[in-house]
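Single-structure report; data block below.
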Amino acid sequence: MAISDHVDFNTFMEGVKRRNPYQPEFVQAVQEVAEDIYAFIADKEEYHAQQILRRIAEPDRVVSFRVCWEDDAGHIRVQRGWRVQNNNAIGPYKGGIRFHPSVTESVLKFLAFEQTFKNALTGLPMGGGKGGSNFNPKGKSVREIMRFCQSFMTELYRHIGADVDVPAGDIGVGGREIGFMFGQYKRITNNFTGVLTGKGLEWGGSLIRTEATGYGAVYFLENMLATRADGVKGKVAVISGSGNVATHAAEKIVQLGGKVVTLSDSAGFIHDPDGITQDKIDWVKAHKTHRRGRIEDYCAAFPGTTFHAGKTPWGVPCDLALPCATQNELLGDDARTLVANGCIAVSEGANMPTDLDGVHVFKAARLLYAPGKASNAGGVAVSGLEMSQNSGRRAWSEAELQQMLKDIMAGIHKSCLTWGDQGGGYVDYVKGANIAGFKKVADAMLAFGVV
Ligand code: NDP
């Protein structure tokens, strides 16, 4: 069969849309990857003949289940849970668990699809998966969260395993929730095994896992800036989100001599023109994570700052932008505003925070623009190192892990250069990440035959 006989990009995307109705996030994620992969495989018959892209864009399986739990008032509540196992060509499925009311099968399928390429980019043997529930942890008591986590794991445990599928945290799932789920897994199976990552240090967790995604996104940014003999020092950064990824990205920017002027949550963003110092970041961590407070309260704690309800921070002039909250939080017009205001680099801490229009704007402006699957891979990379430590019954030191994280981020950057260097000083990091991630998974799939 000649290459020209295989389906073209538009026909391929029509098929993806037809097979995945009402799943816009998943279709968006596939399109962003397929735009680059179609050009890459234009002269590669085997990838076409073996339908590799079509197969990666069809999850190995999607498990959907009911999660019943009892609230403090004694009412029975019913939520929906999922685990999407997208692809295990290069290792056990690996990817976080998200608890948020916006979680749908489409959101988890897009995340598991992205995770497949991200995990390949780290160079570690991990396939792609993702899971979660439409459970809203906000306003719930600790005991309610515990009961929910236990019920969720009572179903999930039969689908995961240290060599099968290793979940971690994500939005709404931090160390506390991982603890509740690990406790239930251990109780049901009587197995103390590295089945989850993001564990506490006393029970198999790894140093720097908590910091790794945010720190990694800034290391990636430094690598991009270095291609223009530049660095973070002295730059003004705008960051969205105020959770795990956002606060650690802010911390690393400050450590490297940059100035962070915004953070946000789902209600709006705060602007602190004097800069969000380490003390203020510590306050945000305590307020958001431990007190489950609102970012808006920052303004009462730190006078001279402002809260902008219902808004995202992309209109604030900056050199660097780090979207670290959620998907599709930076739209085409936001991207145009950032470019017009002189922003030189964007490093995504969140997954798919920029919509397709925004991606095209950044590419056209030849910005230093890192897609999440490259720049936020530090978290899953240290999760991979946590798996290694669990399997080897050992623990690496913080200095060793910090170095490994830096090396992995530099390695991902190098892979992006290999496939994304367009000449004339411009690197298309989206293309670089997509092709590097795809090639590794695709070549493994070719080796396995039609399965
Ligand atoms: P957290 O739950 O710690 O924080 C999420 C932050 O994003 C909060 O500030 C939250 O605000 C905000 N947010 C969530 N949903 C929305 C929304 N719909 N609109 C506006 N703001 C929103 O999550 P993480 O920091 O762990 O995750 C943030 C992003 O990073 C996600 O895209 C995640 O997939 C990605 N990521 C995380 C990794 C990790 O290691 N944790 C690894 C790789 C990627 P509020 O408090 O109001 O809900």
Side-chain angles (χ1 to χ4, degrees), residues 25 29 94-104 107-108 110-112 114-115 117-119 121-122 128 130-132 134-139 167-178 197-198 206 208-217 220 239-251 262-270 284-285 287-298 307 309-314 322-331 347-354 370-384 386 405 409:
E25 295 88 358
K94 177 98 196 82
I97 293 176
R98 177 178 292 191
F99 292 162
H100 193 273
S102 64
V103 166
T104 60
V107 167
L108 296 176
F110 114 65
L111 288 163
E114 288 275 297
Q115 195 84 43
F117 302 96
K118 182 191 310 192
N119 293 1
L121 282 169
T122 66
K130 201 84 186 187
N134 57 356
F135 173 71
N136 185 0
K138 280 195 194 116
D170 191 73
I171 292 178
V173 178
R176 179 180 67 183
E177 290 74 21
I178 292 290
T197 58
S206 174
I208 80 157
R209 173 61 188 92
T210 312
E211 300 88 339
T213 307
Y215 280 19
F220 197 91
I239 299 182
S240 66
S242 49
N244 174 282
V245 180
T247 52
H248 291 104
E251 190 165 291
T262 67
L263 287 172
S264 73
D265 66 14
S266 48
F269 78 92
I270 57 103
V284 172
K285 282 186 189 171
H287 191 63
K288 289 293 296 183
T289 311
H290 305 307
R291 295 195 289 275
R292 307 261 150 182
R294 310 304 307 158
I295 197 68
E296 169 173 14
D297 304 332
Y298 183 96
F307 177 66
K311 296 226 159 51
T312 49
W314 315 122
L322 291 96
C324 296
T326 193
Q327 66 271 6
N328 291 329
E329 54 161 324
L330 197 165
L331 309 179
S347 181
E348 294 184 343
N351 286 308
M352 207 170 73
T354 309
K373 63 171 76 70
S375 47
N376 74 29
V380 75
V382 174
S383 274
E386 182 173 331
L405 174 60
M409 297 315 295

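In listed order, ligands and their atoms are each counted from 1.
The single protein non-hydrogen atom nearest to atom 12 (C) of ligand 1 is Ala325 CB, 3.9 Å, given as residue, atom name and distance.
Closest to atom 21 (N) of ligand 1 by heavy atom, among Gly216, Ser266, Gly293, is Ser266. When the options Ser242, Pro323, Gly372, Ala381 are ranked by their closest heavy atom to atom 9 (O) of ligand 1, first place goes to Ser242.
Residue Lys130 has no nitrogen or oxygen atom sitting less than 3.5 Å from a nitrogen or oxygen atom of ligand 1, judged on distance alone. The shortest N/O to N/O separation between Asp170 and ligand 1 falls below 3.5 Å. At least one N/O-N/O distance between Gly172 and ligand 1 falls below 3.5 Å. At least one N or O atom of Val245, backbone or side chain, sits closer than 3.5 Å to an N or O atom of ligand 1. For Gln327, no nitrogen or oxygen atom sits less than 3.5 Å from a nitrogen or oxygen atom of ligand 1, counting backbone and side chain alike. Ligand 1 has no N or O atom lying under 3.5 Å from any N or O atom of Asn376, backbone or side chain.
Under the 4.0 Å criterion applied to side-chain N and carboxylate O atoms, Glu251 and Lys285 are assigned as salt-bridge partners. A salt bridge does not link Arg209 with Glu386: none of the charged nitrogens is closer than 4.0 Å to a carboxylate oxygen.
With sequence neighbours excluded, no residue forms a ring pair (Phe, Tyr, Trp, His ring centres under 6.0 Å) with His100.
When non-hydrogen atoms are compared, ligand 1 lies under 4.0 Å from the side chain of Thr213 (C-beta onward) but not from its backbone. Contact annotation for Cys324 and ligand 1: only backbone heavy atoms (N, CA, C, O) come within less than 4.0 Å of the ligand. When heavy-atom distances to ligand 1 are checked against a 4.0 Å cut-off, His100 comes that close only through its side chain, counted from C-beta outward. The proximity of Arg98 to ligand 1, defined as any non-hydrogen pair under 4.0 Å, is limited to the side chain.
For the pair Ala212 and ligand 1, no heavy-atom separation below 4.0 Å is found.
In this structure, atom 39 (C) of ligand 1 has a protein heavy-atom contact shorter than 4.0 Å.
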